[in-house]
Engineer: 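Take a look at the following structure, please.
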Amino acid sequence: QVQLVESGGGLVQAGGSLRLSCAASGSIFRVNDMGWYRQAPGKQRELIAAITFGGSTRYADSMKGRFTISRDNAKNTVYLQMNSLKPEDTAVYYCNAGAVLGGTFTYLELWGQGTLVTVSS
């Protein structure tokens, strides 16, 4: 079974930092683009950042400066370093990836189960 598993969420005080991880597992030939999204209560899911297999990154304008996306291709893992967190960053954070499956070479878009980040004031 091919899946994304996130970790690293939790409760942090305003001004603090967290690092989220998301690992793709299963019969995967290659993971192409990977990204992080978040969804706050009562709001739509929004893109935070994305990174290509080659390491090129793009960020939502509102996320630039405090959030950094990176990846380890050998581990099929993407990270999100979050600094200077604010209460308004409270949300469920989701990992997203485009994977080419081993054997069939079928392309599949994957979503993680989500990890809750709560920033207290």
Engineer: Among pairs that include at least one residue of residues 63-72, which meet side chain to side chain donor-acceptor pair (under 3.5 Å), considering only residues two or more places apart or in two chains?
Structural biologist: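 Matches after skipping sequence neighbours: Asp61-Lys64, Arg66-Asp89, Arg71-Asn73.
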
Engineer: Kindly state each residue pair satisfying disulfide (SG to SG under 2.5 Å) with at least one member in residues 54-91, sequence neighbours excluded.
Structural biologist: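 Pairs touching residues 54-91 that pass the test: none.
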
Engineer: Run the side chain to side chain donor-acceptor pair (under 3.5 Å) test against Gln13 and tell me which residues pass, sequence neighbours left out.
Structural biologist: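 Gln13: no side chain to side chain donor-acceptor pair (under 3.5 Å) contacts found.
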
Engineer: Could you pull out all residues at least two apart from Tyr107 that satisfy ring-ring contact (aromatic ring centres under 6.0 Å, His included)?
Structural biologist: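 Tyr107: no ring-ring contact (aromatic ring centres under 6.0 Å, His included) contacts found.
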
Engineer: Identify the two heavy atoms, one from Leu110 and one from Leu4, that lie closest to each other, and give their separation to 0.1 Å.
Structural biologist: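 Closest heavy-atom pair between Leu110 and Leu4: O-CD1, 3.5 Å.
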
Engineer: Taking the side chain from Asn96 and the backbone from Gly112, do they hold a donor-acceptor pair closer than 3.5 Å?
Structural biologist: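 Checked: no pair found.
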
Engineer: What pairs with Thr118 under side chain to side chain contact (heavy atoms under 4.5 Å, CB included), at least two apart in sequence or on another chain?
Structural biologist: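 Here the qualifying residues are Leu11, Thr90, Leu116.
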
Engineer: Under 3.5 Å, which donor-acceptor pairs link side chains of residues 75-82 to any protein atom two or more places apart or in another chain?
Structural biologist:
residue: Thr77; atom: OG1; partner: Lys75; partner atom: O; Å: 2.9
residue: Gln81; atom: NE2; partner: Asn83; partner atom: OD1; Å: 2.9

Engineer: Sequence neighbours left out, what passes ring-ring contact (aromatic ring centres under 6.0 Å, His included) with Tyr37? Give chain and number order.
Structural biologist: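 Partners of Tyr37 by the ring-ring contact (aromatic ring centres under 6.0 Å, His included) criterion, ordered by chain and then number, come out as Trp111.
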
Engineer: For the hydrophobic clusters of this structure (ILVMFWY residues joined by side-chain heavy atoms under 4.5 Å, transitively), does one cluster hold both Met34 and Val92?
Structural biologist: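 No, it is not one cluster - the side chains of Met34 and Val92 are not joined through contacts under 4.5 Å.
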
Engineer: So which pairs with a foot in residues 39-60 pass side chain to side chain donor-acceptor pair (under 3.5 Å), sequence neighbours left out?
Structural biologist: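 Listed by first then second residue: Arg38-Glu46.
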
Engineer: Is there a side-chain contact between Tyr94 and Glu6 in this structure, where contact means two heavy atoms from C-beta onward sitting under 4.5 Å apart?
Structural biologist: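 Side chain of Tyr94 against side chain of Glu6, heavy atoms only: contact under 4.5 Å found.
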
Engineer: For Leu101 and Val2: C-alpha separation, side-chain torsions, deciding distance, then whether side-chain contact (heavy atoms from CB on, under 4.5 Å) applies.
Structural biologist: CA-CA 8 Å; Leu101 304 184; Val2 179; 3.7 Å; yes

Engineer: Give me the atom names and distance for the closest heavy-atom approach of Leu20 to Tyr93.
Structural biologist: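 The pair with the smallest heavy-atom distance is CD1-CB, 3.6 Å.
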
Engineer: Got a list of side-chain donor-acceptor pairs under 3.5 Å for residues 21-28, not counting sequence neighbours?
Structural biologist:
none

Engineer: Can you name the residues that form a side chain to side chain contact (heavy atoms under 4.5 Å, CB included) with Ser121, not counting sequence neighbours?
Structural biologist: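 With sequence neighbours excluded, Ser121 shows a side chain to side chain contact (heavy atoms under 4.5 Å, CB included) to Pro87, given in chain and number order.
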
Engineer: Write out all pairs satisfying salt bridge (Lys or Arg N to Asp or Glu O under 4.0 Å) with one or both partners inside residues 7-33, taking only residues at least two apart or from two chains.
Structural biologist: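 Listed once each, the pairs would be none.
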
Engineer: Would you mind listing every ring pair (Phe, Tyr, Trp, His ring centres under 6.0 Å) that reaches into residues 3-29, with sequence neighbours excluded?
Structural biologist: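 For residues 3-29, and leaving out neighbouring residues, the ring pair (Phe, Tyr, Trp, His ring centres under 6.0 Å) pairs sorted by first residue read Phe29-Phe105.
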
Engineer: Does some side-chain heavy atom of Val117 sit less than 4.5 Å from a side-chain heavy atom of Leu18?
Structural biologist: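 They are in side-chain contact.
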
